[in-house]
Each structure stands twice: as structure tokens, then as C-alpha cells.
Novice: 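Sharing a structure, written as C-alpha cells. Questions coming.
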Amino acid sequence: MRIALVREVSPKLADCELTHLSRQEIDVDLARSQHQRYTDCLAALGCEVQTLVAEPDLPDSVFVEDTAVVLDEIAIITRPGAASRRPETPSVARALEPYRKLRFIESPATLDGGDVLRIGKRIFIGLSSRSNDAAIEQVRAYAEPFDYRVLGVSVKGCLHLKSAVTQVAENTVLLNRRLIDAAVFAGFEIIDVDDMEPLAANALLVGESVIYPTSYPRTLERLEERGILTVPVEVSELIKAEGAVTCCSLIFNKYDFKEAGTDE
Ligand code: CIR
């Protein structure tokens, strides 16, 4: 059984951080209904959805992915690169505490979960405007004892590593070569985003299905042509806030860490 941890949309979503996009009007009610539909998809794919209440004063708090990296053995609570987002982490830490031993990213490191792509025992970390070398070192120290290999990847022209590449099947990634060096993923089958859809690399793999934004129809067609089972969702208002489909959930295998033998 998988848990999907999500958080309701903040009424202040329109005051979100923006890095590469210019501000557009966000319809918060529409964002809420899109988020609900997204959450319904997670449940339909077999996740036990746990929903944190909305944070009225934290505009970006719906993007829970950035606040933690949940491995089977431990959960690493991040220190988000944007200072406005740091108050989002304590409530996520409380929600994860029953399931994993917690570790914490400490200053001077900054890390957004959107920069962390785990595939099997490899953890790729984007060096972006949000995540730095010190974070890579700290994640390495926490994860290497559990046999993970941690690799830094330089990211240019987008917010996070997972704006540029995500996993869409066991050995397949969806990738935008203009934003990262595809050679890093040479051992994988690569599906390129359509040139007309530069932000289309963010897909959410749940089991063998991929939750994917309807905003990128050309890339969606490519995924389907390659035999990927897609679950299209409308997330236009979350995209305006520079989010997409991975960022709205933390998905992890459900077990009590004490039973798993990783407690101390
Ligand atoms: C931010 O700039 O932090 C938010 N407006 C968007 C965060 C999206 N997070 C993600 O894709 N992991």
C-alpha cells in the first residue's frame, strides 16, 4: 500500500513564488477543483490519500513535494531554497513521523524536493536556484548507509530537476535536453518532450500509470505512443504557480519504520 500525502490549496496561492514564469491571474477555486481531481486520481491508482489542511498564510504549501524526500528507510525533511517556504516543513515532518525516522537538511544547505529524483537506488539531485552542493553532501551522508548513490545534476532554465526530467516507467525517463545534460541518463530509455512544450517533462509515475497534465497534448501523445499508461489531469492553475504533477504529493510505501527495523 502507498500513502500519498497532499495538502489543500492555500487561499493565497496567487501570491506564490515565481522564478521562471511571469505572474498570471490564478483562479484559486479552479485550482482547488483541479487539485481535488488530482487527489481523486491518486486514490483511484490505489494510494491511501492523507490530506493536510490548507495553510492560509503559506501560498506555495500545496506543493508538498518540496518539503521532504521520503525513502523506504528514512524521510529527509528539506530546507527549501525560498525562505517563504521554510514554515511549510514542520507540519509535513509531523505527518511523516509515524512512518519514517526523520533526518533534517541543515543550513547552509538548501534543498527543494522538486530537485530530487530517486530511481531505484540512485538519487539525482538538481543543482538549481533552490538546491545547493551542501544539500547534496547532507543527502549523501543520510542515504549512502542505505546503499543509495547520490549524483548532482546541473539544471538550467527551469525551476527544478523534475521540471526537466522525471521517471515514466521502470527504466524510462521523460526529459527536456535543453534544460539538462541527457548524458546523465544514458542508461535509461529516453522520451523527449515535444519541442513546442518545454515544460512538459514533469510526469508522476504511480505504480505503472503516469499522471500527466493535459496542458501538454503533444508530449502526452508521445508517452501513449511509447506504451505508457497515462492518466491525464487538468492542472492549468497549478502550472501558473510554477508547479505541476509531481509537486503536489509525497508518495511512499506505507509501513511503520519501527516494524521496518530502521529505528534507533
Ligand atoms: C515555488 O516557486 O516554490 C512554487 N511556486 C512552485 C513549486 C513547485 N514545486 C515543484 O515542482 N516541486
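Any value given below was found using the heavy atoms of this structure, including those in side chains, with hydrogens, waters and symmetry copies removed. Start at 1 and go down the list; that is how both ligands and their atoms are numbered.
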Novice: Apart from Phe124 itself, what residues make up its hydrophobic cluster, given side-chain heavy atom links below 4.5 Å?
Specialist: Leu117, Ile119, Leu151, Val153, Val155, Leu161, Val165, Val173, Leu175, Ile180, Val184, Phe185, Phe188, Ile190
Novice: For Cys47 and Ala4, work out which heavy atoms get closest and say how close.
Specialist: CB-CB, 3.8 Å
Novice: So, does Lys162 sit close enough to ligand 1 that a heavy atom of it is under 4.0 Å from the ligand?
Specialist: no
Novice: Of the non-hydrogen atoms in Glu17 and Arg130, which two are nearest, and what is the gap between them?
Specialist: CB-NH2, 3.8 Å
Novice: With a heavy-atom distance limit of 4.0 Å, tell me whether Glu17 approaches ligand 1 through its side chain, its backbone, both, or neither.
Specialist: both
Novice: Quick check on contacts: which atoms of ligand 1 are under 4.0 angstrom from a heavy atom of Gly243?
Specialist: 8 (C)
Novice: With hydrophobic residues grouped by side-chain heavy-atom distances under 4.5 Å, do Ile125 and Phe146 end up in a single group?
Specialist: yes
Novice: Is the shortest heavy-atom distance from the side chain of Thr219 to the side chain of Leu174 under 4.5 Å?
Specialist: yes
Novice: Consider ligand 1: state whether an atom of it lies below 4.0 angstrom from any non-hydrogen atom of Asp60.
Specialist: yes
Novice: Linking directly or through intermediates, with side-chain heavy atoms under 4.5 Å: list the remaining ILVMFWY members grouped with Leu30, chain and number order.
Specialist: none
Novice: Please indicate whether any nitrogen or oxygen in Arg130 is less than 3.5 Å from any nitrogen or oxygen in ligand 1.
Specialist: yes
Novice: When you measure from atom 12 (N) of ligand 1 to every protein heavy atom, which one gives the shortest distance, and what is it?
Specialist: Glu65 OE1, 2.7 Å
Novice: Against heavy atoms of Ala241, which atoms of ligand 1 measure under 4.0 Å?
Specialist: 4 (C), 5 (N), 6 (C)
Novice: Do any nitrogen or oxygen atoms of Asp66 lie less than 3.5 angstrom from nitrogen or oxygen atoms of ligand 1?
Specialist: yes
Novice: At the 4.0 Å heavy-atom cut-off, does Thr19 count as touching ligand 1?
Specialist: no
Novice: Would you mind checking which non-hydrogen protein atom is closest to atom 8 (C) of ligand 1, with the distance to 0.1 Å?
Specialist: Glu242 O, 3.4 Å
Novice: Grouping I, L, V, M, F, W and Y whenever their side-chain heavy atoms are under 4.5 Å apart, do Val69 and Ile105 come out in a common cluster?
Specialist: yes
Novice: Which of the numbered atoms in ligand 1 are under 4.0 angstrom from any heavy atom belonging to His160?
Specialist: 9 (N), 10 (C), 11 (O), 12 (N)
Novice: Within a distance under 4.0 Å of any heavy atom of Cys247, pick out the atoms of ligand 1 and give their elements.
Specialist: 8 (C), 9 (N), 10 (C), 11 (O), 12 (N)
Novice: Would you sort out whether Val168 and Leu205 count as a side-chain contact (heavy atoms from CB on, under 4.5 Å), showing the intermediate values?
Specialist: CA-CA 6 Å; Val168 291; Leu205 180 64; 5.6 Å; no
